[in-house]
A.B. asks: 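I'd like to ask you about the structure that follows.
Letters A, B, ... are given to chains in the order of the sequence lines, protein chains preceding strands, and every chain is numbered from 1. Predicted, not measured: the structure shown is a model, and the values here were computed from it.
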There are 2 protein chains.
Amino acid sequence: MNTIKHNTKSPAREAPKTARGARTRAKILKAAEDAFGSLGYHQAGVSDITRLAGVAQGTFYTYFATKEDTLRELVRDMGHKVRAHLAAAVKDADGRLAAETLGLKAFLQYVADNPSLYRVLQEAQFVDESIYREYYEAFGRGYLRMLADATRKGEIRPGNDEIRVWALMGLSNFLGLRFALWEQDVPVDDIIATVSDLLQHGLALDPKS
Amino acid sequence: MNTIKHNTKSPAREAPKTARGARTRAKILKAAEDAFGSLGYHQAGVSDITRLAGVAQGTFYTYFATKEDTLRELVRDMGHKVRAHLAAAVKDADGRLAAETLGLKAFLQYVADNPSLYRVLQEAQFVDESIYREYYEAFGRGYLRMLADATRKGEIRPGNDEIRVWALMGLSNFLGLRFALWEQDVPVDDIIATVSDLLQHGLALDPKS
DNA sequence: ACGAAACCTGAATCAGTTGTCATATTTTGA
DNA sequence: TCAAAATATGACAACTGATTCAGGTTTCGT
(Lines give C-alpha, C1' and ligand atoms only; values in the text may rest on other atoms or scores of the structure.)
Protein backbone atom coordinates (compact mmCIF):
# COMPACT_ATOMS: atom_id res chain seq x y z
CA MET A 1 0.00 0.00 0.00
CA ASN A 2 2.94 2.23 0.53
CA THR A 3 6.10 2.91 -1.40
CA ILE A 4 8.17 4.62 1.22
CA LYS A 5 10.75 2.56 2.98
CA HIS A 6 12.33 3.99 6.05
CA ASN A 7 15.80 3.03 7.06
CA THR A 8 14.77 1.25 10.18
CA LYS A 9 17.69 -1.07 9.74
CA SER A 10 21.00 -0.60 7.99
CA PRO A 11 23.32 1.08 10.54
CA ALA A 12 24.75 4.15 8.86
CA ARG A 13 28.32 3.60 7.75
CA GLU A 14 31.09 5.74 9.08
CA ALA A 15 33.21 8.10 7.07
CA PRO A 16 36.65 6.80 6.11
CA LYS A 17 39.35 7.58 8.65
CA THR A 18 42.38 7.30 6.43
CA ALA A 19 43.46 8.47 3.00
CA ARG A 20 43.18 4.96 1.66
CA GLY A 21 39.62 4.72 2.90
CA ALA A 22 38.69 8.00 1.29
CA ARG A 23 40.20 6.87 -1.98
CA THR A 24 38.35 3.58 -1.92
CA ARG A 25 35.08 5.26 -1.08
CA ALA A 26 35.53 7.65 -3.97
CA LYS A 27 36.38 4.79 -6.32
CA ILE A 28 33.19 3.04 -5.33
CA LEU A 29 31.10 6.15 -5.86
CA LYS A 30 32.59 6.73 -9.26
CA ALA A 31 32.04 3.10 -10.16
CA ALA A 32 28.45 3.37 -9.03
CA GLU A 33 27.95 6.36 -11.29
CA ASP A 34 29.30 4.39 -14.22
CA ALA A 35 27.34 1.28 -13.40
CA PHE A 36 24.06 3.10 -12.82
CA GLY A 37 24.68 5.24 -15.86
CA SER A 38 25.26 2.40 -18.25
CA LEU A 39 23.21 -0.46 -16.83
CA GLY A 40 20.64 1.44 -14.82
CA TYR A 41 20.10 1.35 -11.11
CA HIS A 42 18.11 -1.84 -11.00
CA GLN A 43 20.10 -3.73 -13.55
CA ALA A 44 23.39 -2.83 -11.94
CA GLY A 45 24.22 -5.10 -9.03
CA VAL A 46 26.49 -4.28 -6.16
CA SER A 47 28.79 -6.82 -7.73
CA ASP A 48 28.98 -4.69 -10.87
CA ILE A 49 29.91 -1.67 -8.83
CA THR A 50 32.62 -3.44 -6.90
CA ARG A 51 33.98 -5.06 -10.01
CA LEU A 52 34.26 -1.67 -11.70
CA ALA A 53 35.82 -0.23 -8.58
CA GLY A 54 38.23 -3.14 -8.29
CA VAL A 55 37.29 -4.07 -4.73
CA ALA A 56 35.56 -7.01 -3.10
CA GLN A 57 31.83 -7.09 -2.51
CA GLY A 58 32.18 -6.69 1.20
CA THR A 59 34.16 -3.51 0.86
CA PHE A 60 31.13 -1.80 -0.52
CA TYR A 61 29.39 -2.18 2.78
CA THR A 62 32.23 -0.59 4.66
CA TYR A 63 31.15 2.74 3.20
CA PHE A 64 27.55 2.41 2.14
CA ALA A 65 24.71 0.90 4.06
CA THR A 66 22.74 -0.04 0.96
CA LYS A 67 22.75 0.36 -2.77
CA GLU A 68 20.01 2.95 -2.36
CA ASP A 69 22.28 5.00 -0.16
CA THR A 70 24.81 5.23 -2.92
CA LEU A 71 22.22 6.55 -5.31
CA ARG A 72 21.16 9.24 -2.87
CA GLU A 73 24.69 10.41 -2.40
CA LEU A 74 25.29 10.36 -6.12
CA VAL A 75 22.27 12.53 -6.85
CA ARG A 76 23.30 15.11 -4.27
CA ASP A 77 26.79 15.09 -5.65
CA MET A 78 25.69 15.50 -9.23
CA GLY A 79 23.30 18.26 -8.26
CA HIS A 80 26.10 20.27 -6.71
CA LYS A 81 28.26 19.80 -9.73
CA VAL A 82 25.68 20.85 -12.30
CA ARG A 83 24.64 23.90 -10.34
CA ALA A 84 28.24 24.95 -9.83
CA HIS A 85 28.96 24.46 -13.51
CA LEU A 86 25.99 26.52 -14.60
CA ALA A 87 26.56 29.22 -12.02
CA ALA A 88 30.10 29.64 -13.30
CA ALA A 89 28.97 29.76 -16.91
CA VAL A 90 26.38 32.41 -16.25
CA LYS A 91 28.32 34.47 -13.75
CA ASP A 92 29.12 37.48 -15.83
CA ALA A 93 26.39 37.44 -18.40
CA ASP A 94 25.04 40.70 -19.63
CA GLY A 95 21.38 40.67 -18.74
CA ARG A 96 18.94 37.84 -18.09
CA LEU A 97 18.34 36.86 -21.67
CA ALA A 98 22.04 36.48 -22.26
CA ALA A 99 22.28 34.45 -19.08
CA GLU A 100 19.55 32.13 -20.30
CA THR A 101 21.33 31.33 -23.51
CA LEU A 102 24.72 30.99 -21.85
CA GLY A 103 23.18 28.71 -19.25
CA LEU A 104 21.48 26.57 -21.84
CA LYS A 105 24.64 26.22 -23.86
CA ALA A 106 26.62 25.20 -20.78
CA PHE A 107 23.91 22.76 -19.82
CA LEU A 108 23.83 21.09 -23.21
CA GLN A 109 27.58 20.75 -23.11
CA TYR A 110 27.47 19.34 -19.61
CA VAL A 111 24.87 16.75 -20.56
CA ALA A 112 26.88 15.64 -23.55
CA ASP A 113 29.95 15.26 -21.34
CA ASN A 114 28.12 13.56 -18.48
CA PRO A 115 25.52 11.27 -19.94
CA SER A 116 24.99 9.51 -16.63
CA LEU A 117 23.33 12.58 -15.20
CA TYR A 118 19.94 12.01 -16.75
CA ARG A 119 19.78 8.34 -16.12
CA VAL A 120 20.85 8.46 -12.52
CA LEU A 121 18.63 11.38 -11.74
CA GLN A 122 15.58 10.02 -13.45
CA GLU A 123 15.87 6.63 -11.87
CA ALA A 124 16.36 8.15 -8.47
CA GLN A 125 12.83 9.40 -8.79
CA PHE A 126 11.49 5.93 -8.24
CA VAL A 127 13.91 4.87 -5.59
CA ASP A 128 13.52 7.90 -3.38
CA GLU A 129 11.22 10.56 -4.74
CA SER A 130 12.24 13.12 -2.16
CA ILE A 131 15.81 13.21 -3.41
CA TYR A 132 14.57 13.84 -6.91
CA ARG A 133 12.27 16.65 -5.90
CA GLU A 134 15.03 18.08 -3.80
CA TYR A 135 17.22 18.26 -6.87
CA TYR A 136 14.73 20.19 -8.95
CA GLU A 137 13.51 22.31 -6.11
CA ALA A 138 17.05 23.37 -5.26
CA PHE A 139 17.65 24.05 -8.88
CA GLY A 140 14.39 25.94 -9.12
CA ARG A 141 15.10 28.05 -6.03
CA GLY A 142 18.32 29.36 -7.48
CA TYR A 143 16.69 29.94 -10.81
CA LEU A 144 13.78 31.75 -9.24
CA ARG A 145 16.08 34.10 -7.39
CA MET A 146 17.76 35.15 -10.61
CA LEU A 147 14.53 35.51 -12.51
CA ALA A 148 12.81 37.49 -9.77
CA ASP A 149 15.84 39.70 -9.59
CA ALA A 150 15.71 40.39 -13.28
CA THR A 151 12.01 41.09 -13.06
CA ARG A 152 12.52 43.52 -10.24
CA LYS A 153 15.26 45.30 -12.11
CA GLY A 154 12.95 45.63 -15.08
CA GLU A 155 15.13 43.49 -17.31
CA ILE A 156 12.29 41.21 -18.32
CA ARG A 157 8.53 41.35 -18.53
CA PRO A 158 6.70 41.09 -15.26
CA GLY A 159 5.02 37.73 -14.78
CA ASN A 160 4.71 34.72 -12.51
CA ASP A 161 8.33 33.71 -12.13
CA GLU A 162 7.70 30.49 -10.27
CA ILE A 163 5.75 29.17 -13.19
CA ARG A 164 8.32 30.47 -15.62
CA VAL A 165 11.08 28.70 -13.74
CA TRP A 166 9.46 25.34 -14.24
CA ALA A 167 8.68 26.10 -17.84
CA LEU A 168 12.31 26.97 -18.45
CA MET A 169 13.67 23.98 -16.57
CA GLY A 170 11.43 21.74 -18.64
CA LEU A 171 12.54 23.37 -21.81
CA SER A 172 16.22 22.86 -21.01
CA ASN A 173 15.60 19.38 -19.82
CA PHE A 174 13.95 18.23 -23.01
CA LEU A 175 16.36 19.98 -25.29
CA GLY A 176 19.16 18.30 -23.38
CA LEU A 177 17.48 14.93 -23.63
CA ARG A 178 16.80 15.13 -27.33
CA PHE A 179 19.73 17.13 -28.69
CA ALA A 180 22.57 16.37 -26.30
CA LEU A 181 21.87 12.94 -24.87
CA TRP A 182 20.01 11.06 -27.58
CA GLU A 183 21.26 12.58 -30.75
CA GLN A 184 23.66 15.38 -31.46
CA ASP A 185 22.37 15.93 -34.96
CA VAL A 186 21.59 19.62 -34.65
CA PRO A 187 24.25 22.29 -34.10
CA VAL A 188 24.18 23.71 -30.61
CA ASP A 189 24.12 27.20 -32.03
CA ASP A 190 20.85 26.50 -33.83
CA ILE A 191 19.32 25.46 -30.56
CA ILE A 192 20.63 28.50 -28.78
CA ALA A 193 19.41 30.77 -31.56
CA THR A 194 15.96 29.23 -31.56
CA VAL A 195 15.56 29.45 -27.81
CA SER A 196 16.97 32.95 -27.77
CA ASP A 197 14.42 34.02 -30.33
CA LEU A 198 11.67 32.28 -28.40
CA LEU A 199 12.57 34.05 -25.19
CA GLN A 200 12.99 37.37 -26.96
CA HIS A 201 9.81 37.36 -28.99
CA GLY A 202 7.74 34.31 -28.17
CA LEU A 203 6.09 32.58 -31.09
CA ALA A 204 4.08 35.55 -32.22
CA LEU A 205 4.90 37.49 -35.33
CA ASP A 206 6.76 40.73 -35.02
CA PRO A 207 4.29 43.53 -34.35
CA LYS A 208 5.82 45.42 -37.23
CA SER A 209 5.17 42.73 -39.84
CA MET B 1 28.36 -3.24 -21.74
CA ASN B 2 24.94 -3.01 -23.31
CA THR B 3 21.51 -2.31 -21.97
CA ILE B 4 19.38 -3.44 -24.81
CA LYS B 5 17.72 -6.79 -24.44
CA HIS B 6 16.16 -8.35 -27.45
CA ASN B 7 13.29 -10.74 -27.12
CA THR B 8 15.19 -13.76 -28.20
CA LYS B 9 13.07 -15.90 -25.91
CA SER B 10 9.56 -15.47 -24.54
CA PRO B 11 7.17 -16.82 -27.17
CA ALA B 12 4.69 -14.05 -27.90
CA ARG B 13 1.32 -14.71 -26.34
CA GLU B 14 -1.75 -14.96 -28.51
CA ALA B 15 -4.66 -12.58 -28.47
CA PRO B 16 -7.73 -13.76 -26.56
CA LYS B 17 -10.21 -15.71 -28.66
CA THR B 18 -13.31 -15.25 -26.56
CA ALA B 19 -15.10 -12.45 -24.79
CA ARG B 20 -14.04 -13.79 -21.43
CA GLY B 21 -10.42 -13.80 -22.49
CA ALA B 22 -10.62 -10.26 -23.74
CA ARG B 23 -12.15 -9.18 -20.45
CA THR B 24 -9.49 -10.91 -18.41
CA ARG B 25 -6.73 -9.45 -20.50
CA ALA B 26 -8.16 -5.98 -20.05
CA LYS B 27 -8.50 -6.51 -16.30
CA ILE B 28 -4.85 -7.48 -16.11
CA LEU B 29 -3.72 -4.48 -18.12
CA LYS B 30 -5.73 -2.13 -15.96
CA ALA B 31 -4.36 -3.78 -12.84
CA ALA B 32 -0.87 -3.39 -14.19
CA GLU B 33 -1.45 0.30 -14.74
CA ASP B 34 -2.60 0.69 -11.16
CA ALA B 35 0.19 -1.42 -9.74
CA PHE B 36 2.94 0.26 -11.75
CA GLY B 37 1.39 3.64 -11.07
CA SER B 38 1.28 3.29 -7.33
CA LEU B 39 4.17 0.96 -6.52
CA GLY B 40 6.38 1.51 -9.53
CA TYR B 41 7.39 -1.02 -12.11
CA HIS B 42 10.12 -2.70 -10.12
CA GLN B 43 8.38 -2.67 -6.78
CA ALA B 44 5.19 -4.06 -8.26
CA GLY B 45 5.33 -7.82 -8.64
CA VAL B 46 3.37 -9.92 -11.05
CA SER B 47 1.61 -11.15 -7.93
CA ASP B 48 0.46 -7.60 -7.18
CA ILE B 49 -0.94 -7.28 -10.66
CA THR B 50 -2.78 -10.57 -10.55
CA ARG B 51 -4.09 -9.87 -7.07
CA LEU B 52 -5.49 -6.52 -8.21
CA ALA B 53 -6.92 -8.15 -11.29
CA GLY B 54 -8.41 -10.98 -9.26
CA VAL B 55 -6.78 -13.78 -11.23
CA ALA B 56 -4.12 -16.37 -10.52
CA GLN B 57 -0.45 -15.79 -11.23
CA GLY B 58 -0.41 -18.15 -14.15
CA THR B 59 -3.24 -16.37 -15.91
CA PHE B 60 -0.97 -13.42 -16.40
CA TYR B 61 1.20 -15.49 -18.70
CA THR B 62 -1.71 -16.48 -20.87
CA TYR B 63 -1.76 -12.94 -22.21
CA PHE B 64 1.66 -11.48 -21.59
CA ALA B 65 5.01 -13.07 -22.21
CA THR B 66 6.78 -11.05 -19.51
CA LYS B 67 6.20 -8.25 -17.09
CA GLU B 68 8.18 -6.02 -19.43
CA ASP B 69 5.75 -6.77 -22.21
CA THR B 70 2.92 -5.40 -20.15
CA LEU B 71 4.76 -2.16 -19.64
CA ARG B 72 5.38 -1.80 -23.33
CA GLU B 73 1.74 -2.29 -24.15
CA LEU B 74 0.72 0.14 -21.44
CA VAL B 75 2.96 2.85 -22.78
CA ARG B 76 1.59 2.46 -26.28
CA ASP B 77 -1.91 2.47 -24.93
CA MET B 78 -1.39 5.56 -22.82
CA GLY B 79 0.30 7.32 -25.70
CA HIS B 80 -2.72 6.82 -27.92
CA LYS B 81 -5.04 8.05 -25.23
CA VAL B 82 -3.13 11.24 -24.45
CA ARG B 83 -2.70 12.14 -28.06
CA ALA B 84 -6.37 11.52 -28.78
CA HIS B 85 -7.35 13.60 -25.77
CA LEU B 86 -5.17 16.51 -26.81
CA ALA B 87 -6.13 16.32 -30.45
CA ALA B 88 -9.76 16.57 -29.46
CA ALA B 89 -9.12 19.47 -27.13
CA VAL B 90 -7.26 21.44 -29.75
CA LYS B 91 -9.39 20.53 -32.73
CA ASP B 92 -11.17 23.77 -33.33
CA ALA B 93 -8.80 26.26 -31.80
CA ASP B 94 -8.51 29.64 -33.40
CA GLY B 95 -4.88 29.95 -34.40
CA ARG B 96 -1.75 28.25 -33.13
CA LEU B 97 -1.30 30.27 -29.97
CA ALA B 98 -4.83 29.49 -28.89
CA ALA B 99 -4.18 25.84 -29.66
CA GLU B 100 -1.10 25.89 -27.46
CA THR B 101 -2.95 27.16 -24.43
CA LEU B 102 -5.92 24.87 -25.00
CA GLY B 103 -3.57 21.94 -25.38
CA LEU B 104 -1.67 22.80 -22.24
CA LYS B 105 -4.83 23.16 -20.24
CA ALA B 106 -6.12 19.82 -21.47
CA PHE B 107 -2.79 18.23 -20.71
CA LEU B 108 -2.66 19.53 -17.16
CA GLN B 109 -6.16 18.26 -16.58
CA TYR B 110 -5.28 14.90 -18.05
CA VAL B 111 -2.23 14.54 -15.84
CA ALA B 112 -4.20 15.38 -12.73
CA ASP B 113 -6.80 12.77 -13.68
CA ASN B 114 -4.28 10.11 -14.69
CA PRO B 115 -1.34 10.30 -12.34
CA SER B 116 -0.04 6.93 -13.48
CA LEU B 117 0.94 8.41 -16.81
CA TYR B 118 4.16 10.01 -15.66
CA ARG B 119 5.31 7.18 -13.53
CA VAL B 120 4.70 4.46 -16.04
CA LEU B 121 6.18 6.44 -18.87
CA GLN B 122 9.26 7.54 -17.01
CA GLU B 123 10.04 4.11 -15.72
CA ALA B 124 9.56 2.63 -19.14
CA GLN B 125 12.59 4.63 -20.17
CA PHE B 126 14.84 2.29 -18.25
CA VAL B 127 13.10 -0.90 -19.11
CA ASP B 128 12.95 -0.34 -22.84
CA GLU B 129 14.30 2.97 -24.01
CA SER B 130 12.95 2.57 -27.52
CA ILE B 131 9.36 2.55 -26.32
CA TYR B 132 9.98 5.76 -24.44
CA ARG B 133 11.55 7.48 -27.38
CA GLU B 134 8.76 6.21 -29.58
CA TYR B 135 6.27 7.92 -27.30
CA TYR B 136 7.91 11.30 -27.52
CA GLU B 137 8.84 11.00 -31.14
CA ALA B 138 5.27 10.17 -32.07
CA PHE B 139 4.11 13.03 -29.95
CA GLY B 140 6.70 15.28 -31.50
CA ARG B 141 5.82 14.30 -35.05
CA GLY B 142 2.23 15.36 -34.61
CA TYR B 143 3.29 18.52 -32.88
CA LEU B 144 5.77 19.35 -35.58
CA ARG B 145 3.16 18.98 -38.27
CA MET B 146 0.92 21.52 -36.58
CA LEU B 147 3.72 23.93 -35.89
CA ALA B 148 5.17 23.74 -39.37
CA ASP B 149 1.68 24.28 -40.71
CA ALA B 150 1.24 27.39 -38.64
CA THR B 151 4.64 28.64 -39.69
CA ARG B 152 3.80 28.11 -43.35
CA LYS B 153 0.51 29.90 -42.97
CA GLY B 154 2.34 32.80 -41.39
CA GLU B 155 0.54 32.42 -38.07
CA ILE B 156 3.75 32.33 -36.06
CA ARG B 157 7.30 33.55 -36.41
CA PRO B 158 9.49 31.55 -38.74
CA GLY B 159 12.01 29.45 -36.88
CA ASN B 160 13.35 25.94 -36.38
CA ASP B 161 10.18 24.08 -35.54
CA GLU B 162 11.82 20.80 -34.63
CA ILE B 163 13.71 22.50 -31.86
CA ARG B 164 10.66 24.41 -30.80
CA VAL B 165 8.65 21.21 -30.56
CA TRP B 166 11.04 19.75 -28.03
CA ALA B 167 11.19 22.98 -26.11
CA LEU B 168 7.41 23.07 -25.91
CA MET B 169 7.09 19.41 -24.96
CA GLY B 170 9.58 19.96 -22.17
CA LEU B 171 7.76 22.99 -20.98
CA SER B 172 4.45 21.13 -20.77
CA ASN B 173 6.08 18.16 -19.22
CA PHE B 174 7.61 20.05 -16.35
CA LEU B 175 4.57 22.20 -15.72
CA GLY B 176 2.54 19.03 -15.56
CA LEU B 177 5.00 17.41 -13.20
CA ARG B 178 5.19 20.32 -10.82
CA PHE B 179 1.72 21.83 -10.97
CA ALA B 180 -0.55 18.92 -11.80
CA LEU B 181 1.16 15.83 -10.45
CA TRP B 182 3.15 16.98 -7.43
CA GLU B 183 1.21 19.89 -6.12
CA GLN B 184 -1.91 21.61 -7.35
CA ASP B 185 -1.20 24.79 -5.45
CA VAL B 186 -1.36 27.21 -8.36
CA PRO B 187 -4.55 27.87 -10.33
CA VAL B 188 -4.47 26.39 -13.80
CA ASP B 189 -5.47 29.71 -15.26
CA ASP B 190 -2.36 31.36 -13.87
CA ILE B 191 -0.26 28.76 -15.60
CA ILE B 192 -2.11 29.18 -18.85
CA ALA B 193 -1.83 32.94 -18.64
CA THR B 194 1.89 32.83 -17.92
CA VAL B 195 2.62 30.44 -20.76
CA SER B 196 0.36 32.35 -23.09
CA ASP B 197 2.27 35.53 -22.33
CA LEU B 198 5.56 33.73 -22.76
CA LEU B 199 4.57 32.40 -26.17
CA GLN B 200 3.12 35.73 -27.22
CA HIS B 201 5.97 37.97 -26.14
CA GLY B 202 8.83 35.92 -24.79
CA LEU B 203 10.52 37.26 -21.71
CA ALA B 204 11.57 40.53 -23.25
CA LEU B 205 9.93 43.79 -22.36
CA ASP B 206 7.35 45.22 -24.68
CA PRO B 207 9.05 47.17 -27.48
CA LYS B 208 6.78 50.10 -26.66
CA SER B 209 7.90 50.34 -23.04
C1' DA C 1 -25.58 -32.64 -25.21
C1' DC C 2 -20.80 -33.21 -25.95
C1' DG C 3 -16.06 -32.97 -27.54
C1' DA C 4 -12.63 -29.58 -28.40
C1' DA C 5 -10.65 -25.38 -27.54
C1' DA C 6 -9.94 -21.73 -24.63
C1' DC C 7 -9.14 -20.26 -20.24
C1' DC C 8 -7.67 -20.44 -15.43
C1' DT C 9 -5.17 -22.16 -11.24
C1' DG C 10 -1.33 -21.72 -7.75
C1' DA C 11 2.35 -24.41 -5.87
C1' DA C 12 6.94 -25.30 -7.23
C1' DT C 13 11.05 -24.07 -9.62
C1' DC C 14 14.92 -21.43 -10.41
C1' DA C 15 18.01 -17.63 -11.35
C1' DG C 16 19.79 -13.91 -9.34
C1' DT C 17 20.39 -10.44 -5.42
C1' DT C 18 21.59 -8.24 -1.30
C1' DG C 19 23.96 -7.99 2.76
C1' DT C 20 26.90 -10.68 6.50
C1' DC C 21 30.89 -12.42 8.66
C1' DA C 22 35.09 -14.64 10.00
C1' DT C 23 39.45 -13.87 8.53
C1' DA C 24 43.47 -11.53 6.32
C1' DT C 25 46.05 -7.44 5.17
C1' DT C 26 47.50 -2.67 5.49
C1' DT C 27 48.06 1.64 7.87
C1' DT C 28 48.63 4.45 11.90
C1' DG C 29 50.80 6.41 15.79
C1' DA C 30 53.49 6.04 19.89
C1' DT D 1 59.24 -1.53 15.81
C1' DC D 2 54.93 -3.33 17.00
C1' DA D 3 50.15 -3.52 18.70
C1' DA D 4 45.79 -1.46 17.71
C1' DA D 5 42.74 0.39 14.41
C1' DA D 6 41.19 0.63 9.94
C1' DT D 7 40.43 -1.46 5.74
C1' DA D 8 39.71 -5.30 2.55
C1' DT D 9 38.35 -10.03 1.23
C1' DG D 10 35.10 -13.40 -0.90
C1' DA D 11 32.35 -17.27 0.08
C1' DC D 12 27.71 -17.90 1.29
C1' DA D 13 23.26 -17.52 3.97
C1' DA D 14 18.90 -15.83 3.30
C1' DC D 15 15.68 -14.04 0.48
C1' DT D 16 13.03 -12.28 -3.54
C1' DG D 17 10.28 -12.54 -7.35
C1' DA D 18 9.62 -13.96 -12.30
C1' DT D 19 8.15 -17.77 -14.92
C1' DT D 20 6.59 -22.66 -15.63
C1' DC D 21 3.58 -26.52 -15.75
C1' DA D 22 0.40 -30.26 -15.00
C1' DG D 23 -4.01 -30.47 -14.32
C1' DG D 24 -8.89 -28.40 -13.44
C1' DT D 25 -12.90 -25.42 -15.20
C1' DT D 26 -15.59 -22.77 -18.46
C1' DT D 27 -17.09 -21.54 -23.02
C1' DC D 28 -17.91 -22.45 -27.91
C1' DG D 29 -19.66 -24.60 -32.08
C1' DT D 30 -22.36 -28.12 -33.78
A.B. asks: Are Glu100(B) and Arg96(B) close enough for a salt bridge, meaning some N to O gap below 4.0 Å?
C.D. replies: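 So Glu100(B) pairs with Arg96(B) through a salt bridge.
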A.B. asks: By the 4.0 Å heavy-atom rule, please label Gly58(B) as base, sugar-phosphate, or nothing.
C.D. replies: base
A.B. asks: Between P on dA8(D) and NZ on Lys17(A), what's the gap in Å once rounded to a whole number?
C.D. replies: 13 Å
A.B. asks: Once you apply a heavy-atom cut-off of 4.0 Å, does Ala53(B) come out as touching a base, just sugar-phosphate, or nothing?
C.D. replies: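 Ala53(B): no heavy atom of the nucleic acid under 4.0 Å.
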A.B. asks: For Glu68(A) and dT17(C), what is the distance between atoms CD and P respectively, to the nearest whole Å?
C.D. replies: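 Whole-Å distance recorded here is 17 Å.
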A.B. asks: Which nucleotide in the list dT19(D), dA6(C), dT18(C) gets nearest to the side chain of Lys67(A)?
C.D. replies: dT18(C)
A.B. asks: Quick check, are the ring centers of Tyr41(A) and Phe126(A) under 6.0 angstrom apart?
C.D. replies: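 No: the rings miss the under 6.0 Å criterion.
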A.B. asks: For a quick check under 3.5 Å, do Asp128(B) and Ser130(B) share a side-chain donor-acceptor pair by atom type?
C.D. replies: yes
A.B. asks: Among the candidates dA8(D), dT19(D), dC8(C), find the nucleotide nearest to the side-chain atoms of Gln57(B).
C.D. replies: dT19(D)
A.B. asks: Taking atom P of dT27(D) as reference, at what distance in whole Å does atom CZ of Arg25(B) sit?
C.D. replies: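 Interatomic distance, CZ of Arg25(B) to P of dT27(D): 20 Å.
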A.B. asks: Does Thr18(B) or Phe60(B) map to a spot on DNA chain D nearer the 5' end, using the closest nucleotide for each?
C.D. replies: Phe60(B)
A.B. asks: Is the CG atom of Asp94(B) crowded by more than 12 outside heavy atoms at less than 6.0 Å?
C.D. replies: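 Atom CG in Asp94(B) is not packed in, count stays at 12 or less.
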A.B. asks: May I ask you to evaluate whether Ser47(B) reaches the phosphate of dG17(D), defined as a side-chain N or O under 4.0 Å from OP1 or OP2?
C.D. replies: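 So the side-chain polar atoms of Ser47(B) never come under 4.0 Å of the phosphate oxygens OP1 or OP2 of dG17(D).
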A.B. asks: Looking at every strand, decide which applies to Phe64(B) at a 4.0 Å heavy-atom threshold: base, sugar-phosphate, or nothing.
C.D. replies: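 Nothing, no heavy atom under 4.0 Å.
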A.B. asks: Using a 4.0 Å heavy-atom cut-off, does Thr59(B) contact any base of the nucleic acid, only the sugar-phosphate backbone, or nothing at all?
C.D. replies: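 Touches a base.
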A.B. asks: Please state how far atom CG in Leu39(A) lies from atom C1' in dT17(C), giving the value in whole angstrom units.
C.D. replies: 15 Å
A.B. asks: Nearest to the Ala56(B) side chain among dA6(C), dA6(D), dG10(C), which nucleotide is it?
C.D. replies: dG10(C)
A.B. asks: How close or far is atom C1' of dT9(D) from atom OH of Tyr63(A), stated in whole angstroms?
C.D. replies: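 Going from OH in Tyr63(A) over to C1' in dT9(D) covers 13 Å.
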A.B. asks: Rounded to the nearest angstrom, tell me the gap between atom NE2 in His42(B) and atom P in dT16(D).
C.D. replies: 18 Å
A.B. asks: Would you mind reading off the distance between Tyr61(B) atom OH and dC21(D) atom C1', rounded to a whole angstrom?
C.D. replies: 13 Å
A.B. asks: Would you please classify the geometry between the Tyr143(A) ring and the Phe139(A) ring as parallel, tilted or perpendicular, with 30° and 60° separating the classes?
C.D. replies: tilted
A.B. asks: Starting the side chain at C-beta, find the nucleotide from dT9(C), dT18(C), dC7(C) nearest to Val55(B).
C.D. replies: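 Of the options given, the side chain of Val55(B) lies nearest dT9(C).
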A.B. asks: Arg51(A) has an atom CZ; how far is it from atom C1' of dG10(D), in whole Å?
C.D. replies: 15 Å
